[in-house]
Amino acid sequence: MKTVKGFASATVGNVACGFDILGFAITEPGDEVTLTLSDEKRDDCQVSLTGIIGDGGALPLDPKKNTSSFVVLKFLEYIRTHKGIDFSGHISLELKKNLPLSSGMGSSAASGAAALVAANELMGLPCSKMELVHFAIEGERVACGSAHADNAAPAILGNFVLIRSYTPLDLITIPSPKDLYCTLVHPHTELRTSFARSVLPHAIPLKTAIQQWGNVGALVTGLLTSDYELIGRALVDVVAEPKRAPLIPGFFAVKQAAIDAGALGCSIAGSGPSLFAFSSSEKNAREAGNAMQHAFSRSAKLASDMWVSPICSEGAKILS
């Protein structure tokens, strides 16, 4: 028997203007997945999920319905077909959820990414991290019905990731300015991704699209040139945020509190209800976070959790 523990951190998808094409990873919190490899042979399934800690019983133990185990099944299928590795043993998983569910923090992506790097390690590193992203994306389909990469890709790769194309998949990693900090605040309420997607328009006016494209280009430019003021100006979402903001209690007060505290900008993390803000120093990021938590409490009577982090450059990793 051999045991490996993988870790993947929270991610923020969309990043305001980059709906479904842009995301980034922070350093904490994150999910842990422990995989144990044995010579045991089972007729039913090569992967089993033996336990989940921290989900309150909400997640399925069926290996084909849980993101962490499903991506490992896809990984094993791929290495058998494309790498000539005919695995005949058994892998058992234990998932430790440190990320809240339905939070907009990339919870399902973190579980899948942690499981994949551990499985890859167990099997002798047959795949690159870029290859692993494909399986992580399929895990998102199981979790929320949509195979998007803006959480899955940065969970595996780290940094900012721009998805230029889904067919074929074309990912571009973007390094973060060294003094860029993210404040992530999660109010104690849930917003399911499937519902948050259902309120979005199926078509948008050309004028709106042009404005969104301009902000995406400006945000990428700001990141590459470490232009913090430009990053702040570009954090404007005219497509998803106007539709989703009413779903998050206290949204407008919290966003304004972050700006008033000196944050570069603030928007919805993924599909919500968490909010993120960017700052050009750790001190300012904590001040913005304190203001955001106070605003959630004052305007919506919601307690919240806060994390302040630089952008994670490493991505999913092996803990032991």
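- The shortest distance between side-chain heavy atoms of Met123 and Phe75 falls below 4.5 Å.
- The residues Arg80 and Glu77 are annotated as not salt-bridged, no charged nitrogen and carboxylate oxygen being separated by less than 4.0 angstrom.
- Atom OH of Tyr228 is separated from atom OG of Ser226 by 5.0 Å, given to the nearest 0.5 angstrom.
- In this structure a side-chain-to-backbone donor-acceptor pair under 3.5 Å is present from Ser299 to Ala295.
- Ion pair Glu94/Lys5 not flagged as a salt bridge, since none of the NZ, NE, NH1 or NH2 atoms sits closer than 4.0 Å to an Asp/Glu carboxylate oxygen.
- Ile26 and Cys312 make their closest contact through O-CB, 3.2 Å (heavy atoms, listed as atom of the first residue, atom of the second, distance).
- Relative ring orientation between Phe276 and Phe278 is described as perpendicular, the plane-to-plane angle rising above 60° on a 0-90° scale split at 30° and 60°.
- Judged purely by atom type and a 3.5 angstrom limit, Lys64 has no side-chain atom pairing as donor or acceptor with the backbone of Leu73.
- Judged purely by distance below 3.5 Å, without hydrogens or angles, the side chains of Ser313 and Asn159 never pair a donor atom with an acceptor atom.
- Val185 is not listed as a side-chain neighbour of Asp305, based on a closest heavy-atom distance of 4.5 Å or more.
- The two residues Leu22 and Val15 make their nearest non-hydrogen contact at O-CG2, 3.6 Å.
- Between the side chains of Ser68 and Asn66, at least one donor-acceptor pair of N or O atoms lies under 3.5 Å.
- Between Ala136 and Ile156, the shortest heavy-atom contact is CB-CG1, 4.2 Å.
- One finds the CD atom of Glu282 at 9.5 Å from the OG1 atom of Thr183 (value rounded to the nearest 0.5 Å).
- No more than 12 heavy atoms of other residues, nucleotides or ligands lie within 6.0 Å of CZ in Phe195, so this atom counts as exposed by the packing criterion.
- Taken from OG in Ser102 to CG in Leu99, the straight-line distance is 12.0 Å, to the nearest 0.5 Å.
- Separation of atoms CG (Leu122) and CZ (Phe87) is listed at 8.0 Å; rounding is to 0.5 Å.
- Looking at Ser279, its side chain never comes within 3.5 Å of a backbone N or O of Ser281 through a donor-acceptor pair.
- A donor-acceptor pair under 3.5 Å is absent between the side-chain atoms of Ser297 and the main chain of His294, judged by distance alone.
- No side-chain heavy atom of Phe70 sits less than 4.5 Å from a side-chain heavy atom of Pro63.
- Classification of Lys255 and Glu241 as a salt-bridged pair holds, one side-chain N sitting under 4.0 Å from a carboxylate O.
- The closest side-chain donor-acceptor pair between Asn215 and Gln211, if any, does not fall under 3.5 angstrom.
- For the pair Ser271 (side chain) and Ala196 (backbone), a donor-acceptor distance under 3.5 Å is absent.
- No more than 12 heavy atoms of other residues, nucleotides or ligands sit less than 6.0 Å from atom NZ of Lys65.
- Listed for the Asn14 side chain is no donor-acceptor partner under 3.5 Å among the backbone atoms of Ala16.
- Using a 4.5 Å cut-off between side-chain heavy atoms of Ile, Leu, Val, Met, Phe, Trp and Tyr, with links allowed through other members, Leu235 and Leu275 fall into different hydrophobic clusters.
- Applying the side-chain hydrogen bond (donor to acceptor under 3.5 Å, both in side chains) test to residues at least two apart or on different chains, the pairs with a partner in residues 24-38 are Thr3-Thr36, Thr27-Ser309, Asp31-Lys97, Asp31-Ser111.
- Side-chain atoms of Glu131 come within 3.5 Å of backbone atoms of Ser128 as a donor-acceptor pair (strictly under, hydrogens ignored).
- One hydrophobic cluster, built from ILVMFWY side chains closer than 4.5 Å, cannot hold both Val199 and Ile204; they sit in different ones.
- Interatomic distance, CG of Leu37 versus CD1 of Ile91, reported as 5.5 Å (0.5 Å rounding).
- Annotation: side chain of Cys266 is not in contact with side chain of Gln256 (no heavy-atom distance under 4.5 Å).
- When hydrophobic clusters are built by joining Ile, Leu, Val, Met, Phe, Trp and Tyr residues whose side-chain heavy atoms come closer than 4.5 Å, directly or via intermediates, Trp307 is grouped together with Leu264.
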Full working for side chain to side chain contact (heavy atoms under 4.5 Å, CB included) between Phe160 and Leu180
CA-CA 12 Å; Phe160 285 84; Leu180 186 67; 4.0 Å; yes
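- Note: the hydrophobic cluster containing Ile137 also contains Met130 (ILVMFWY, side chain heavy atoms under 4.5 Å, direct or indirect links).
- Within 6.0 Å of CG on Asp170 lie more than 12 heavy atoms contributed by other residues, nucleotides or ligands.
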Kindly determine whether Cys17 and Gln212 satisfy side chain to side chain contact (heavy atoms under 4.5 Å, CB included), including the steps that lead there.
CA-CA 6 Å; Cys17 51; Gln212 194 85 339; 4.1 Å; yes
Audit row: His148, Tyr166, side chain to side chain contact (heavy atoms under 4.5 Å, CB included) steps and yes/no:
CA-CA 9 Å; His148 53 278; Tyr166 275 90; 3.9 Å; yes
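- If you chain together ILVMFWY residues whose side-chain heavy atoms come under 4.5 Å of each other, Ile259 ends up in a group of its own.
- Donor-acceptor pairing under 3.5 Å is recorded for the side chains of His90 and Ser48.
- Tyr78 places no side-chain N or O within donor-acceptor distance of the main-chain N or O of Lys83, the cut-off being under 3.5 Å.
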Run the numbers on Arg233 and Asp227 for salt bridge (charged side-chain N to carboxylate O under 4.0 Å, His left out), then give the verdict.
CA-CA 10 Å; Arg233 295 207 316 271; Asp227 188 334; 5.6 Å; no
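- Side-chain contact check for Leu223 versus Ile231: some heavy-atom pair is nearer than 4.5 Å.
- Residues Leu191 and Met105 are members of separate hydrophobic clusters, defined by side-chain heavy-atom contacts under 4.5 angstrom among Ile, Leu, Val, Met, Phe, Trp and Tyr.
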Going through the checks in order, is the side-chain hydrogen bond (donor to acceptor under 3.5 Å, both in side chains) test met by Thr11 and Asn151?
CA-CA 6 Å; Thr11 52; Asn151 290 113; 2.8 Å; yes
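- Checked for salt-bridge contact, Asp237 and Lys243 miss the test: no charged N lies under 4.0 Å from a carboxylate O.
- Between Leu171 and Thr173, every side-chain heavy-atom pair lies at or beyond the 4.5 Å cut-off.
- The minimum heavy-atom distance between Arg286 and Met306, with the atom names listed, is O-SD, 4.4 Å.
- Nearest heavy atom pair, residue Val117 against residue Ile318, reads O-CD1, 3.4 Å.
- Looking only at distances, a side-chain donor or acceptor of Asn98 sits under 3.5 Å from a matching main-chain atom of Gly30.
- Here the closest heavy-atom approach between residue Ser69 and residue Val47 is recorded as CB-CG1, 3.9 Å.
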Start with the C-alpha gap between Asp20 and Ile163, add the side-chain angles, then the distance that decides, and say whether side chain to side chain contact (heavy atoms under 4.5 Å, CB included) holds.
CA-CA 8 Å; Asp20 272 8; Ile163 301 101; over 6 Å; no
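- Between Asp150 and Val161 there is no side-chain heavy-atom pair separated by less than 4.5 Å.
- Contact check for Glu190 versus Pro273: no side-chain heavy atoms found under the 4.5 Å cut-off.
- Arg298 CZ: more than 12 foreign heavy atoms inside a 6.0 Å radius.
- Distance check: Asp86 CG to Ser88 OG gives 6.5 Å after rounding to the nearest 0.5 Å.
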